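Structure record follows, encoded as structure tokens.
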Amino acid sequence: MLPLTMARAGENVEIARISGSEEVRQHLYELGFTVGQELNIISDVSGSLIVQVKDSRIALDRSMVSKIFVNITN
């Protein structure tokens, strides 16, 4: 299990754990970030990521990215 900050553009990952306050976890859940969900890393710029979750692309700043822990699947 690695923090999502370690993932690079082009990698596919699966969410293993989400940390942070209940408010942060709820916000990420509403965006589609749930344990077991697969993500595709589209772009990585200085720790901020654009990821594809289901059929949506979502930009996350470094503080949100650091709350998500993943397993690399590709």
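Please read these numbers as outputs of a predicted model, since none were measured by experiment.
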>> Within this structure, what is the CG-CG distance for the pair Leu2 and Asn71, rounded to the nearest 0.5 Å?
In response: 7.5 Å
>> Pair Leu4, Val13 - check side chain to side chain contact (heavy atoms under 4.5 Å, CB included), show working.
In response: CA-CA 8 Å; Leu4 185 55; Val13 299; 4.1 Å; yes
> Roughly how far apart are Thr73 OG1 and Glu11 CD, rounded to 0.5 Å?
Replying inline: 9.0 Å
> How far does CD of Glu30 sit from CG of Leu28, to the nearest 0.5 angstrom?
Replying inline: 9.5 Å
> If two hydrophobic side chains count as joined below 4.5 Å and joins carry through other members, does Leu31 share a cluster with Phe69?
Replying inline: no
>> If hydrophobic clusters are built from ILVMFWY residues whose side chains come within less than 4.5 Å, do Ile42 and Ile58 share one?
In response: no
> Looking at residues at least two apart in the chain, or sitting in another chain, which of them share a side-chain contact (heavy atoms from CB on, under 4.5 Å) with Thr34?
Replying inline: Tyr29, Gln37
> Are Leu49 and Ile72 joined in one hydrophobic group, where the rule is that I, L, V, M, F, W and Y side chains link up if heavy atoms are under 4.5 Å apart?
Replying inline: yes
> Is there any salt bridge (Lys or Arg N to Asp or Glu O under 4.0 Å) pair reaching into residues 42-71, and which pairs are they, with sequence neighbours excluded?
Replying inline: Arg8-Asp44
>> Holding to salt bridge (charged side-chain N to carboxylate O under 4.0 Å, His left out), I want the full list of residues that pass it with Glu22, two or more places apart in sequence or in another chain.
In response: Arg25
> Going by the salt bridge (Lys or Arg N to Asp or Glu O under 4.0 Å) test, which pairs reach into residues 31-41, not counting sequence neighbours?
Replying inline: none
> With sequence neighbours left out, what residues match Ala9 under side-chain contact (heavy atoms from CB on, under 4.5 Å)?
Replying inline: none
>> Using every non-hydrogen atom in the two residues, find where Phe33 and Ile18 come nearest and quote the distance to one decimal.
In response: O-CD1, 3.3 Å
>> If the condition is side-chain contact (heavy atoms from CB on, under 4.5 Å), which residues does Ser21 pass it with, not counting sequence neighbours?
In response: Glu23, Val24
> Ignoring hydrogens and geometry, is there a side-chain-to-backbone donor-acceptor pair from Thr5 to Ser66 under 3.5 Å?
Replying inline: no
> Linking I/L/V/M/F/W/Y whenever any side-chain heavy atoms sit under 4.5 Å apart, do Leu60 and Val53 land together?
Replying inline: yes
